[in-house]
Each structure stands twice: as structure tokens, then as C-alpha cells.
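The structure appears below as C-alpha cells.
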Amino acid sequence: MAVETVPVTQTTVPAEQSVYSVIAPGYTYETVEKQIDDIVLARPLTPGWIIGFIGAAMLLVLLHFGIIYLFLTGVGIWGIDIPVAWGFAIINFVWWIGIGHAGTLISAILLLMKQDWRTSINRFAEAMTLFAVACAGMFPLLHMGRPWLFYWMGPYPNTMALWPQFRSPLVWDVFAVSTYGAVSLMFWYVGLIPDLATFRDRAKNKLARIVYAVGALGWTGSARHWKRYQTSYLILAGLSTPLVVSVHTIVSFDFTIGIIPGWHSTIFPPYFVAGAIYAGFAMVLTLMLPLRKFYGFEGLITMRHVDNMAKVMLATGLLVTYGYFTETFMAYYSGSDYEGFMMNNRIGGPYGFFYKFLIVCNCLVPQTLWYRPWRHNLVWLWIVAMFVNVGMWLERFVIVVMSLHRDFVPGAWGMYYPTVWDWATYIGTIGFFVTLILLFIRFLPSIAVSEMKELVHKTSDHSAHSHHEPSPEGHQA
Amino acid sequence: MSTHAHAHEEVEVGVYGLMVEFLTPEELLAATKKVMEAGYQKVDAYSPFAVHGVDEALKAKTILPWLIFGGGLSGGLGGFLMQVVANYHYKINIDGKPLISWPSFMPITFELTVLLASATAVFGMLFLNGFPQPYNPLFNVPGFDRASQDRFFLCIEAKDPKFNLDETSRFLEGLAPHTITEVPF
């Protein structure tokens, strides 16, 4: 079976098709794998990565200081007080957990819808989910005041004969977020197993081989294993889909079950889920556009991916805008003085600037993405994504702070000002997040290699035998 | 790469099976079908990604979905019962609401359904696959490291009732593989 060398570069593909294909033409199993794996296995540490890592790690140190001081002193170091007892901790919690949702959407919902453009971005988005959930999970614990007693939230038989209040949305949240974290971790790890096996077989360094071999658990690529693997993966996707919707719904219950004006609203669950996906896609674009450029992934993460992500961001942005509209309408239409006042206070109160800026970030700036040349301008797209990141953070600020600071009795009103420790903890979690992302890029495959090979196989069915590669050994049977 | 020894009589004890290597998934699929038609049972294919059709050719089935269903069911029932039991164990009257106000138990019931079903999906898959498996005789085959990269392998195990080193290797050679290797234990 002498295999001829077939040129791998397809010259006949029209330019339009190559822009909109999910993988650039001419890729073989080997080239896909080399491009993804070599970032970890062959590429030396680059100054860019080292500088980025040092910067992120310094912010991580800031987080440590913030947490240590908090543990030594208590939550009084933050700006929270009555009436605004939630402050940054809950704003950041909701912001981070929302960001995570895009990862699950990309890996689970798009898998079920057989959207093959998810393949080259799902691994990275899942990692982002996991790290965002880790950041999110920190805040309620730090906010507790006595975080070492966090296990009191769990249902375990204890000498006090007490149980968690299962009718409370805050307890639902404990179950929702911990389930979400656990399922995201499992989903991500299952996806990694075949790629870890590839790393085990390709790594030159002995220590790396051992570490990847332990992670790969003895994966051989057996067809019987693949069968169970795919069954497991598909069902996990099916389970994650309602899970991701439920998690942000339950997060929104934290607000809606309360009677505070601006919180007690039935629009919250769908509007929170849309906002979460909006924020998540913005964060995926924020991270993916530089990654694509620095690591030369233009052939794997094509303009079609970028275009689709921008469109999803635009669509969910419109849903969020509709949510703002409904909130405003219902506030006045409800006939409730408190709801009406809440909305007046949002627009014209002491924090009015933030509400107006939120509308600019989330509703106005993304409308530029209707125009294709701007959508395809990667610098502008990145800037829009940054606007959305800021806007979605402001949305949570608006919900948490503005509703609480002036609710019913004017005598109980107050202002909320974040302290330097609020900022240190928030910026610190960004450092934690970026540190984890950088470590992930350096030590694990940031694109799902085995799924990309399947994509190469599928797309090459129609275009000659581009997967035939020259064989150095020849036939020896 | 071929290490097929013809002095099979004495080595057969230490033989795990015979392995052939192909360059393309199509060849692997065709070969798998032929091997199964020939009546071999202890056969498995190894590939860097799941080749469509090979699992059906091998008649690979899994009870995993039923296990996951059981996991989800026990998660849901267990989650609901946990809340019922806790409310009976320490009764608190809040606003005269019923002790078992089941609608407010639904979020946790749902989350635990998903959690246990997912955990069953992952750990069930790992368990049924026999993971973690630190040693596998297949790793002794030179070039098998490419099964996770860009080559496609098929192995007939010596345990197979129809396995005969001479006949089986002659049969496998008829499939025009890229290489054929005797897998030592």
C-alpha cells in the first residue's frame, strides 16, 4: 500500500467558502494536532506569556492580601452596611457566574444543536466557565463573615439539630452553584481525556509524560471506550443544558423572591439567563481574539466563529435590552409608588450616571455589530466586548445597590461606597482568573484536538484525500 | 515495525493478540466489518477519534444510559426526601405555610437530579471502561502511540476462541494493513 504524497493545500476552495468554513482548508490530522499541541509541548516560554503571568500573579497576590485582611478583621473592611448589605460581593458573584454560562452554552447547547463551529472554541470556553465559577464561588463565602462555618449551609445531621432552610433561595443557590461547578469540572475533564492521551504519547519530557498519563487514565482510543465516552458526553451535554438555565434562574431568585422594589419581578429569570450568555460571549471574545492572534489560530478559529459569536452577543444583547425596557415599563405601569420611585431613582438618583452608562454599554454600543465590516473588525469587536463586560458588571451594580439603598422608608435610606478592599478583592479575582487561563493555555490543549480531527475527517470527505499523509515507513505487512 | 514471529508455538502463551495498523478511518471500518464477519469476537478498534460505524460493526453496546437514568432518579427522589425529612425532623411554622411546601423544594430536587445523573455519567463511563488502567499490553506495541494521533488500529485478542496465531495473522494480512504486530503481554 504505497501511499502517494497528496498535496495538502487545496487551491480550488473559493475565498468566500474558506472564510466561512469551520476549519481552514488544507488541515490534516497531523497539522491540526501539531498546531494545538506544540503550544504546550514544543513552544518555549515566551516573554509575552511570562509578563502576562507575572502581571496576573501580582493581582492574585492582591487577592490574597484582601482575603487575609478580611479574615483577620471581618466584613467591616468592605463598604457594606445597612441598607446595602450585599455590595460588591454579590455584584461580583453574579457577574462571574454569568460569564461562566457562555462556556456551558457553547459546549452543551451547541453540541445538541449539532453546530460544528463550536468545536474549536468549546474547550477554551469550558475552561473559562470553570475558572469563572471558581471566582464566583469565592464571593458568597467571603461575604459570610465567618467563612470557616460555610459547611453550616450543607444538610448534615448536627448536634444543634438544625437543617438549612430549604425554602430559601439562598440555600437553592448553594445547591445550584455547587452542582454547576461540579458538573462543569466533570464535563471539562471528560472532554480532556483523549487529548491528555495524545499529550502522553507525544510529550518528550519524561515528567510531562507521567503527568499526562495519569490524567489520561489509560486511554487507548478503543472503539468500545469511545462508545461509552460519547454516550456519557452527549448525556452530560443534555443534562448541562437545563442546568445552565436553572443556575442563573436560581441566582435571579435570590433577588425576585425578596420584596425589594426593582427585584420582585417575574422578568428576572429569562432576563438573567440572557444577560449571562451575553456577558459570557463577551468574555469569550475578550479572551479568544488575543489568543487567536498570539498563537496563530486563524485557521482553526476562523472568521465564521468570530462572526457567529458576535451575532450571538448581539442577539442576547437585544434580549437584555428588552429586559430593561420591560422593567422600566412595569415599574411605572404597576401603579406602585415604590416601583415608580425606584425607576426614577435609577435614572436620576445619585447613581444615575451608572444606569445611563449601562444603557450605553449594553444597549447602544453593541448595535454597531449589525454592520458587517464593523463586526469583522477584530479591534472594534474586542472593544465592544469590553463595553459589554463593563456594562454587565454595571447591570448587577444597578440591581444590587440601587434597589437596596432607597427602598421603602426614607429614614432607612443610605449610600453605598466601595472601599479599597472591595476593589482589591474584585481586581484580585480578575488576576486569579487570568492566572488560571494562562496556566491552562500553557499546560493543557486549549482546543479539543480529537474533536478537531473528527472535523478534519468530516470536512475532508468531500475534498479529495487530504487526510492521506505521506508514510515514511511504507507497507511492511 | 512488524514483529510477527513465526515460531508461534512457544510464544503463544505470552501473546495478548495480533494488531494491525491502518492509515485511514475508512480502511479501519472496512477491516472491522470483515473481522466481525469472519466470526471473531474479542476484537477492538483503536483510533484518535470515534470513527463513525466502527462501534456498530463491533456490536459495541453500553448500559450507561440506564445507569445514568438510575443516578438521576435517585438524585431526584433522594433530594426531595432529604427536604421532607429535614422539615419533619425540625418543624418550623413559617407564615402558616404547609410543612411540606413542595414547590419550594423543586429547585434543590432538580439540582440533585442533575448532579447525580452527571456524576453517574462520568464515573460510570470511567468504571465501565476500566479506568484508571495504568498498564495495558497494547502500549508495548511499537507505534501504538499513534493511535491517539493519526493512525487506526485493530486488535484481535488471543482470548478469542477462533484465535490461532498462524491463521489469524494470515487472515489479517489479507486485509492489506499498513503494519501487523504481535502484541506481547
Side-chain angles (χ1 to χ4, degrees), chain A residues 1 3 28-30 33 155 161-164 166-167 169 171-172 175-176 179 182-183 186-187 189-190 194 197-198 200-202 214 217-232 235-236 239-240 242-243 246 250 253 450-451 453-454 457 467-469 471 473 475-477, chain B residues 1-2 20 23-25 32 44-51 54-55 58 60 62 64-65 68 82-83 86-87 89-90 94 97 101 104-105 107-108 110-112 114-115 117-119 121-122 124-126 128-134 136 138 145-150 173 176-180:
Chain A
M1 229 184 85
V3 181
T28 64
Y29 304 138
E30 208 184 354
E33 181 177 287
L162 283 173
W163 295 99
F166 288 119
R167 293 182 191 86
V171 174
W172 302 346
F175 281 86
T179 299
V183 172
M186 292 192 288
F187 199 35
Y189 180 62
V190 166
T198 310
R200 169 197 67 200
D201 294 338
R202 274 174 56 93
V214 169
L217 301 173
W219 181 261
T220 53
S222 146
R224 294 172 201 282
H225 291 180
W226 271 120
K227 168 94 181 163
R228 293 187 195 108
Y229 175 90
Q230 287 194 313
T231 306
S232 166
I235 294 179
L236 273 179
L239 290 165
S240 300
L243 175 67
S246 84
I250 290 176
F253 286 166
S450 66
E451 288 184 44
K453 286 180 196 158
E454 206 173 335
H457 175 54
H467 52 261
H468 276 269
E469 44 152 333
S471 148
E473 300 100 329
H475 179 56
Q476 293 181 11
Chain B
M1 194 176 282
S2 171
V20 283
L23 298 181
T24 67
T32 310
D44 209 340
Y46 303 88
S47 53
F49 54 86
V51 180
V54 169
D55 51 340
L58 286 171
T62 174
L64 192 56
I68 298 171
M82 170 185 80
Q83 299 176 77
N87 275 284
H89 184 230
Y90 196 100
I94 297 168
K97 284 173 193 157
S101 41
S104 56
F105 295 168
I108 291 176
F110 173 78
E111 297 301 328
L112 289 178
V114 171
L115 181 65
S118 304
V122 174
M125 182 270 286
L126 297 181
L128 292 174
N129 282 356
F131 292 157
Q133 188 182 6
N136 191 327
L138 297 174
D145 56 348
R146 293 186 76 171
S148 70
Q149 301 176 44
D150 53 358
E173 273 166 28
H178 184 63
T179 62
I180 175 163

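Proteins come first, then strands; the chains are lettered A, B, ... in the order of their sequence lines, and each starts at number 1. Predicted, not measured: the structure shown is a model, and the values here were computed from it.
Between B/Met82 and A/Pro155, the shortest heavy-atom distance links the atoms SD-CG, 3.6 Å. B/Ser148 approaches A/Ala197 most closely through the heavy-atom pair OG-O, 3.7 Å. The minimum heavy-atom distance linking B/Leu115 with A/Thr179 is given by the pair CB-CG2, 3.7 Å. When all heavy atoms of A/Lys227 and B/Ala60 are compared, the pair lying nearest together is CE-O, 3.5 Å.
Contacts of B/Pro65 with chain A are made by both backbone and side-chain atoms, with heavy-atom separations under 4.5 Å. Interface residue A/Ile235: only side-chain heavy atoms are found under 4.5 Å from chain B. In this structure, chain A has a heavy atom under 4.5 Å from the side chain of B/Ile68, while its backbone stays farther away. Heavy-atom distances place the side chain of B/Leu64, and not its backbone, under 4.5 Å from chain A. Residue B/Asn136 touches chain A through its side chain alone, counting heavy-atom pairs closer than 4.5 Å. The contact between A/Leu239 and chain B is made by backbone and side chain atoms together, counting heavy-atom distances below 4.5 Å. Neither the backbone nor the side chain of A/Pro164 has a heavy atom closer than 4.5 Å to any heavy atom of chain B.
Judged by distance alone, the side chains of A/Arg167 and B/Ser101 do bring a donor and an acceptor atom under 3.5 Å apart.
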message = If you apply the rule side-chain contact (heavy atoms from CB on, under 4.5 Å), what do you find for A/Tyr29 with B/Gln149, and how did you get there?
response = CA-CA 7 Å; A/Tyr29 304 138; B/Gln149 301 176 44; over 6 Å; no
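In this structure, the ring-ring contact (aromatic ring centres under 6.0 Å, His included) partners of B/Tyr46, at least two apart in sequence or on a different chain, are B/Phe144. A/Thr220 pairs by the side chain to side chain donor-acceptor pair (under 3.5 Å) definition with nothing, not counting sequence neighbours.
Ring orientation note: the planes of B/Phe131 and A/His225 are nearly perpendicular, at an angle over 60° on the 30°/60° scale.
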